[in-house]
Enquirer: 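Below: one structure in structure tokens.
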Amino acid sequence: MVGIVIVSHSPKLAEGVRELAQQMSQTPVPMAIAAGTGDPRHPIGTNPEAILHAIRTVWSPDGVVVLMDLGSAILSAESALDFLSEEERARVRLVAAPLVEGTLAAVATASTGAPLHRVVEEARQALLAKQTHLGEHAPTPTPDPLATPTADEVRLVVRNQAGLHARPAARLVATVASFDADVQVRNITRQKGPVSAKSINQLALLDVRQGDEIGIRATGADAQAALAAVRDLVERAFDEPTTPPRAAPTTEEAPVTSESGSVLRGIPVSPGIAIGPVVHFQRAPLPPTPPPVPADAPDMEWARLQQAIAATRTDLDELEAQTALHADIEETSIFEAHKLFLDDPALLERARHLIFNEQRTAEYAWHRAVREVSAQYATLETPYLQARRADVEDVGAQVLAHLTNRSLHTDIPAGSILVAADLLPSDVARLSSEQVQGVCLALGGATAHAAILIRSLGIPAVAGVGASILDIPEGTHLALDGERGMVWIDPDPETRHALETRRTAWLAAEAEARRAAQRQGATRDGVRIEVAANVRRLADAESALRFGAEGVGLLRTELLFMGRREAPTEEEQIEAYRAIAEALQGRPIIIRTLDVGGDKPLPFVPIPREANPFLGQRGIRFSLAHPDIFKTQVRAIVRVAATHPVHLMFPMVSTPDELRQALALLDEARHEAQAAGHAVGTPKVGIMVETPSAVWMADHLAALVDFFSIGTNDLTQYLFAADRTNPQVAPLADPFHPAVLRAIAHTSNAAHQQRVWVGVCGELAGDPLGAVLLVGLGIRELSMNPTAIPRVKHILGRISLAEAEDLAAHALTLEDGRAVRRWLIEQIGDT
Ligand code: PEP
Ligand code: MG
């Protein structure tokens, strides 16, 4: 398979592109990043050595495609080629495609096993789709042999929200690639095509949107099978959501005006009832562009801009940490995305040009760059992309506030209902539920970042009620129902009383859920079940405590090693692990050693490409092959264990011999740390049981360790031989299946016979029904995504141990996962 290298001035940008591209393909495509200079003082830039390393990492005789952002990236890539042999150079192509679109097209095409020239061709044409959509490119009209429906044409309606956008187009290309057939697709609704279904760009040129009808025809040996597979894919809406986004009602559509006693309908954003006086939100908007006065010292202007950007980055870091206290972990990624804008070459290069080439002030240059990028977003049709405009302006305004020493916000009195046209994520991150009882927005929708954050703060909110709300006098009483999307302006006493009663009930239910989650996990008859969290970093651990975590059952350490040019040092790791252990305030933490390799290569360790990465050198196999990296990590862990309740766990163990080798290295590492004069602890040592061989050798393995933690995610994939990242086989890989439950039962029995405690840290533990089954199978520690903790504790409290054991015993006798779930729901009812 052709390998892909992403070259960018910004590591964050490159990482973002890689993440997007990964979503494009069912089959993992070898991808490597060469981004940034590696110099923390001047991080933005490119480096030929890193590019060379990236090319070697993804090297394949099929070839390598290199995509670059701009300027010096191209020069650096050319220099990197000078270090390759002539033969190697002949298999590497530098492609002048736009970085994001080009990479997506290249990856989607490479994943089908296409040859080098096809991957290059698709990457080069990657901008066509966007140009067509925006009317900048009129594709040469193709003769349309399919214009008249023929008997063998399959006609289907595309139901997914964004139409045949990049991800579904990539699915279609991948599906068609597995058949010996020539498949042609046309857009009947917009009279475009036909085009080959093997080209992601050609498909995008069809401009297929939600509700469009498409026609598909196939010829060749597998034509019928290919048509059936495509039909199935389209009918499944490419496995994407199909609900049409609820549009915000326009002012004209608002059912009534904002007079006293009237009711407005909007979009439900965050559940709950709020009643209070209106406060209109004031924020200094992105001001008009300052006058283009000439600046005498470009260097100084550039330095001022850099400082303002750095200060904004610090603010965003703080907001991220603060939000992590309230929000689901994924929600803090909003701030990561905002930090990406601060590094965005489009903004920076434009501002730099204005400062140095046109002698403008930092304020003017930044303002213009932000306005230009934001105007580009405004032209896009998808509401999602338009919402990103608000994000650019938000970040832009924050940098400007630092440049001009202005504050962005005014104070809001406690108990208010905040009314605004719309809110930016950073506005919301500065709100608190003590200050603001409810939020009512004239514009906006349920999927905007600000809406996600409002939900995470638990503040009732309604959006899209129309502009008339902005005319209500400050202080007017407003009530809102965030679940139904209704707003009452100055409600009459009867309505107000009814709403106040509902608010009281809602507050009581919320308080009860929080209180219950802080209690220790236990069954109804008092059998103690430790309910812990799976975390990746400090912010996750802090947030986990708020959800009621009693410790960390799985610290995935991979994040610390990703996106770096070299492995983190022992001291860096100590600092990271200690910070998390301290945040847990004496609660236990299980640190899992590095689980990389295979599909998750480390940029600083060349791993030969593997045909089946999930069956390759991952987890403990990788660690044993790289003892230096492994021992550095283990030394850091035993040193933190000197002062904190830290346990150590090895992933992907499949034989006692492997475990013995890991234990021997642990011993060596402990002695090395001691010899260097450091205090070390003796952490309890355990393994993840996540391979079938570990299940069947559980008795031997148990004799060597203190605990087991069953990884049901991998265990399920290996039991069913069903790749956990492949949606085509997802229905097979069901952790509720008795095949998995029997493996867990066997492991649990073997562990108990050796007096080794056993937990579960796969996804099954965070499913309320799964948690009941696991307790019934003898598991006494469950570790999960923090947000799952309240529901799991709640259901455990409803069930006795004997009931859980009976349910599990019967589940073991059933035929498949569906039957197990059905049986549990019948017996337990609603979770
Ligand atoms: C598992 O495999 O169940 C597990 C918890 O590990 P990971 O998901 O990190 O592979
Ligand atoms: Mg695993």
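Computed from a predicted model, the values in this text were never measured in an experiment. Counting convention: from 1, in listed order, for ligands and their atoms alike.
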Enquirer: Does R592 come within less than 4.0 angstrom of ligand 1, counting non-hydrogen atoms of the residue?
Expert: yes
Enquirer: With a cut-off of 2.8 Å, how many protein N, O or S atoms neighbour the Mg ion (ligand 2)?
Expert: 2
Enquirer: What part of E763, side chain, backbone, both or neither, has a heavy atom within less than 4.0 angstrom of ligand 1?
Expert: neither
Enquirer: Give a yes/no on ligand 1: does E558 have at least one heavy atom closer than 4.0 angstrom to it?
Expert: no
Enquirer: For ligand 1, which atoms sit closer than 4.0 Å to a heavy atom of G711?
Expert: 1 (C), 2 (O), 3 (O)
Enquirer: Are the charged groups of R556 and D595 less than 4.0 angstrom apart, N to O?
Expert: no
Enquirer: Can you list the ligand 1 atoms lying under 4.0 Å from a non-hydrogen atom of C761?
Expert: 5 (C)
Enquirer: With distance as the sole criterion, is a donor-acceptor pair present between the side chains of Q573 and T569 under 3.5 Å?
Expert: no
Enquirer: Could I get the full list of ring pair (Phe, Tyr, Trp, His ring centres under 6.0 Å) partners for F650, not counting sequence neighbours?
Expert: F630
Enquirer: Any N or O on N713 sitting closer than 3.5 Å to an N or O of ligand 1?
Expert: yes
Enquirer: Applying side chain to side chain contact (heavy atoms under 4.5 Å, CB included), can you list everything that pairs with N612, at least two apart in sequence or on another chain?
Expert: L615
Enquirer: Looking only at non-hydrogen atoms, which of R536, M688, M784 approaches atom 4 (C) of ligand 1 most closely?
Expert: M688
Enquirer: Identify whether the distance between the nearest side-chain nitrogen and carboxylate oxygen of E550 and R528 falls below 4.0 Å.
Expert: yes
Enquirer: Is it true that R639 and E571 make a salt bridge, defined as a side-chain N closer than 4.0 Å to a carboxylate O?
Expert: yes
Enquirer: Scan residues 681-701 for pairs that pass salt bridge (charged side-chain N to carboxylate O under 4.0 Å, His left out), counting only residues two or more places apart or in two chains.
Expert: none
Enquirer: Just which atoms of ligand 1 are under 4.0 Å from any heavy atom in E690?
Expert: 1 (C), 2 (O), 6 (O)
Enquirer: Any salt bridge linking R536 with E558? Criterion: basic side-chain nitrogen under 4.0 Å from a carboxylate oxygen.
Expert: no
Enquirer: Just checking, any donor-acceptor pair under 3.5 angstrom between side chains of Q753 and N749?
Expert: no
Enquirer: Counting each atom of ligand 1 from 1 as listed, which ones have a heavy atom of G762 under 4.0 Å away?
Expert: 3 (O), 5 (C)
Enquirer: Strictly below 4.0 Å, N to O, side chains only: are R18 and E15 in salt-bridge contact?
Expert: yes
